[in-house]
Amino acid sequence: MAAVQANVTGIKANTKTSAEPVRPLANFPPSVWGDRFLSFSLDRSELERYAIAMEKPKEDLRKLIVDPTMDSNEKLGLIYSVHRLGLTYMFLQEIESQLDKLFNKFSLQDYEEVDLYTISINFQVFRHLGYKLPCDVFNKFKDVSSGTFKASITSDVRGMLGLYESAQLRIRGEKILDEASVFTEAKLKSVVNTLEGDLAQQVTQSLRRPFHQGMPMVEARLYFSNYEKECSTYDSLLKLAKLHFKYLELQQKEELRIVSKWWKDMRFHETTPYIRDRVPEIYLWILGLYFEPRYSLARIIATKITLFLVVLDDTYDAYATIEEIRLLTDAINKWDISAMEQIPEYIRPFYKILLDEYAEIEKKMAKEGRANTVIASKEAFQDIARGYLEEAEWTNSGYVASFPEYMKNGLITSAYNVISKSALVGMGEIVSEDALAWYESHPKTLQASELISRLQDDVMTYQFERERGQSATGVDAYIKTYGVSEKEAIDALKIMIENAWKDINEGCLKPRQVSMDLLAPILNLARMIDVVYRYDDGFTFPGKTLKEYINLLFVGSLPRV
């Protein structure tokens, strides 16, 4: 979770007394939603009707996917639309069976007469589903003598858009895709204002945020809106997408109601009024990790734990004194109700709720033999409290850490470890002992996503943190350690973020160390960091992207079924 980025307000300068310590209060914007999502009432019979209605188009679409008479390019185009609409999980076995056959028959010669758009779609399908189709398929679009992309492709806007999206899936060493990303982005920006209709919308959206770096649920809805022709090619695809959207909307509104009621019942707005009230935003964040219906319980659990993090983060950053922070950290390390006597009275309700909620979750998971995931989440929560304390000690003493020192602690305080481990708690049988051991081994893919979580936040929020007297920022630590300018530091961090995306992309390719079900939350957490922090601090000041996404998914109307 990001550190506080609001301007300092309400500090009682030179008036410190034993009764009223100086507190680093922050004037956080209030929730823009209030109790709006508490009033939703789920009609379970309606949910069941949508589930039943999906069966016919689902079966028809399944037959299309495995149709042996369909042209391979057409089939890959169909699979691409299925994937973009968030339907892959329904047909994963059939899709992988088809891709296995096509991938095993791959020949570079088969692509000699194929246009840029079609090659791009094929490339994206294979890469998104874990098949390392070689980037050599794009070589023919480069001029041999100059080594640059041929001027002729600049007139093919759909093709350039496809190449731009393909380039987001690159791994380290794929120079042609590095060049393609820069080339196509510049060309698309130069023509976007001359385009009309769906193509204008498609290019605008992709330049704002490529599909691969977007929130899956939102990207599915945007694809449905902006790619009407592709979605309407097959009647079964169109019907299933509409019904699926409606089903998910009902289920997710009910989940949002549950966590909103829980938050209100816990009375955090009364006991800790200084915190950011961001229930819909946190639920959206967790929804970004996994939207499939089977993860309903997982979303509710992970949302609650992440809301605990908001209280902890804002207490450390925007209210507690350094003495109080030390006492609270010690209590969280002890994780025992007897420690409640040592902490300030205002934070005792939070501490009790934290312990009670974790105990309840652990009791539930123990019945299924999965208490180990709850223990992992709890230990990560204790880690982040210690990390927040270290940052507070740095700020209190005016110490600017070296960049390696900052990153060691900053990867913890990014909240990535808590959220990713908590996301596993309700996922069920796929989180085996081996899967949890893989997480605990801190693999390269996890490290890369963690780095994005820390540095994307830092690049966007360091100026606000400086204004509040925060000494622990990645930008400042980099400047101090390497003696560079602010711009050079930011550029260096952006390159690190870009390389981390390449490592995630590689980690999602076959053969994988664990199933994609377990890799998806890691990939999607990096995506949500991009969503929240690419253009602004969308969490502390959620008036732009997150508000737009919440409106799209939970407030606006869906296309008629």
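These values consider heavy atoms only, across backbone and side chains, with no hydrogens, waters or symmetry-generated copies.
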Which donor-acceptor pairs under 3.5 Å do the side chains of residues 190-197 make with protein atoms, sequence neighbours left out?
{"unit_1": "Ser190", "atom_1": "OG", "unit_2": "Lys187", "atom_2": "O", "d": "2.6"}
{"unit_1": "Thr194", "atom_1": "OG1", "unit_2": "Val191", "atom_2": "O", "d": "2.6"}

Treating [X] as the side-chain partner and [Y] as the backbone partner, does any N or O pair qualify as donor plus acceptor under 3.5 Å?
X: Tyr111; Y: Asp136; value: no
X: Asn524; Y: Ala520; value: yes
X: Arg454; Y: Leu451; value: no
X: Arg527; Y: His212; value: yes
X: Arg299; Y: Glu292; value: yes
X: Gln202; Y: Asn226; value: yes
X: Ser120; Y: Ser166; value: no

Over all heavy atoms of both residues, which pair between [X] and [Y] is shortest? Give the atoms and the distance, please.
X: Val66; Y: Lys75; result: C-NZ, 3.6 Å
X: Asn417; Y: Ala380; result: ND2-CB, 3.6 Å
X: Gly507; Y: Thr445; result: CA-OG1, 3.5 Å
X: Ile452; Y: Ile529; result: O-CG2, 3.6 Å
X: Leu102; Y: Phe126; result: CB-CZ, 3.9 Å
X: Ser377; Y: Val425; result: CB-CG2, 4.2 Å

Once salt bridge (charged side-chain N to carboxylate O under 4.0 Å, His left out) is applied, what residue pairs with a partner in residues 223-235 remain, sequence neighbours excluded?
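Passing the test, one end in residues 223-235: Arg158-Glu230, Asp235-Lys239.
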
Taking ring pair (Phe, Tyr, Trp, His ring centres under 6.0 Å) as the test, write out the residues that go with [X], two or more places apart.
X: Tyr227; value: Tyr223
X: Tyr358; value: Trp335
X: Trp263; value: Phe268

What's the verdict on side chain to side chain contact (heavy atoms under 4.5 Å, CB included) for Trp501 and Ile171, showing C-alpha distance, side-chain angles and the deciding distance?
CA-CA 8 Å; Trp501 271 108; Ile171 62 177; over 6 Å; no

How far apart are the C-alpha atoms of Asp277 and Phe28, what are their side-chain angles, what is the distance that settles it, and do they pass the side chain to side chain contact (heavy atoms under 4.5 Å, CB included) test?
CA-CA 9 Å; Asp277 185 357; Phe28 291 127; over 6 Å; no

Any side-chain heavy atom of [X] sitting closer than 4.5 Å to one from [Y]?
X: Lys246; Y: Lys242; value: no
X: Leu248; Y: Phe291; value: yes
X: Ile119; Y: Phe138; value: yes
X: Ile282; Y: Val259; value: no
X: Tyr164; Y: Met160; value: no
X: Asn122; Y: Val137; value: no
X: Cys231; Y: Leu85; value: yes
X: Leu519; Y: Trp438; value: yes

Drop me the distance from [X]'s [atom1] to [Y]'s [atom2], to the nearest 0.5 angstrom.
X: Ile52; Y: Tyr247; atom1: CD1; atom2: OH; answer: 10.5 Å
X: His244; Y: Lys58; atom1: NE2; atom2: NZ; answer: 8.5 Å
X: Ile430; Y: Ser515; atom1: CD1; atom2: OG; answer: 5.0 Å
X: Leu161; Y: Leu199; atom1: CG; atom2: CG; answer: 7.0 Å
X: Leu424; Y: Leu518; atom1: CG; atom2: CG; answer: 7.0 Å
X: Glu74; Y: Leu64; atom1: CD; atom2: CG; answer: 8.5 Å

Side chains of Ser420 and Tyr439: do they bring a donor and an acceptor to under 3.5 Å?
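Distance-only check fails for Ser420 and Tyr439.
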
Verify whether one side chain among Ser206 and Glu165 offers a donor that lies under 3.5 Å from an acceptor in the other.
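Note: Ser206 and Glu165 side chains meet the donor-acceptor criterion.
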
I'd like to know if [X] pairs up with [Y] as an ion pair, taking the criterion as any Lys NZ or Arg NE/NH1/NH2 lying under 4.0 Å from an Asp or Glu carboxylate oxygen.
X: Glu174; Y: Arg127; value: yes
X: Lys189; Y: Glu185; value: yes
X: Arg370; Y: Glu429; value: no
X: Lys363; Y: Glu360; value: no
X: Asp314; Y: Arg278; value: no
X: Lys510; Y: Glu96; value: yes

Take Lys421 and Glu440, measure what salt bridge (charged side-chain N to carboxylate O under 4.0 Å, His left out) needs, and give me the verdict at the end.
CA-CA 9 Å; Lys421 292 247 179 82; Glu440 297 285 11; 3.4 Å; yes

Restricting to side-chain contact (heavy atoms from CB on, under 4.5 Å), what partner residues turn up for Val555, sequence neighbours left out?
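Residues passing side-chain contact (heavy atoms from CB on, under 4.5 Å) with Val555: Trp33, Arg36, Phe37, Asn551.
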
So which of Lys56, Lys63, Arg62 actually passes side-chain hydrogen bond (donor to acceptor under 3.5 Å, both in side chains) with Asp60?
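In the set Lys56, Lys63, Arg62, the residue that makes a side-chain hydrogen bond (donor to acceptor under 3.5 Å, both in side chains) with Asp60 is Lys56.
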
Walk me through whether Trp262 and Val279 qualify under side chain to side chain contact (heavy atoms under 4.5 Å, CB included).
CA-CA 10 Å; Trp262 171 83; Val279 178; over 6 Å; no

Taking atom CZ of Arg208 as the centre, does the number of heavy atoms from other residues, nucleotides or ligands within less than 6.0 Å exceed 12?
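Result for CZ/Arg208: enclosed.
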
Atom NZ of Lys547: over 12 foreign heavy atoms under 6.0 Å:
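Atom NZ in Lys547 is not crowded, with 12 or fewer foreign heavy atoms closer than 6.0 Å.
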
Aromatic plane relationship, Phe211 with His83 - under 30° parallel, 30 to 60° tilted, over 60° perpendicular:
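If you compare the ring of His83 with that of Phe211, the planes turn out perpendicular.
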
Can Arg276 and Glu281 be said to form a salt bridge (charged side-chain N to carboxylate O under 4.0 Å, His left out), step by step?
CA-CA 10 Å; Arg276 289 167 288 186; Glu281 289 82 5; over 6 Å; no

Let's go through Tyr89 and Asp517 carefully: what are the C-alpha distance in whole Å and the side-chain angles of both, what is the deciding distance for side chain to side chain donor-acceptor pair (under 3.5 Å) to 0.1 Å, and is it a yes or a no?
CA-CA 10 Å; Tyr89 76 95; Asp517 283 334; over 6 Å; no

Side chain to side chain contact (heavy atoms under 4.5 Å, CB included) between Thr303 and Leu287, worked out
CA-CA 9 Å; Thr303 299; Leu287 177 61; over 6 Å; no

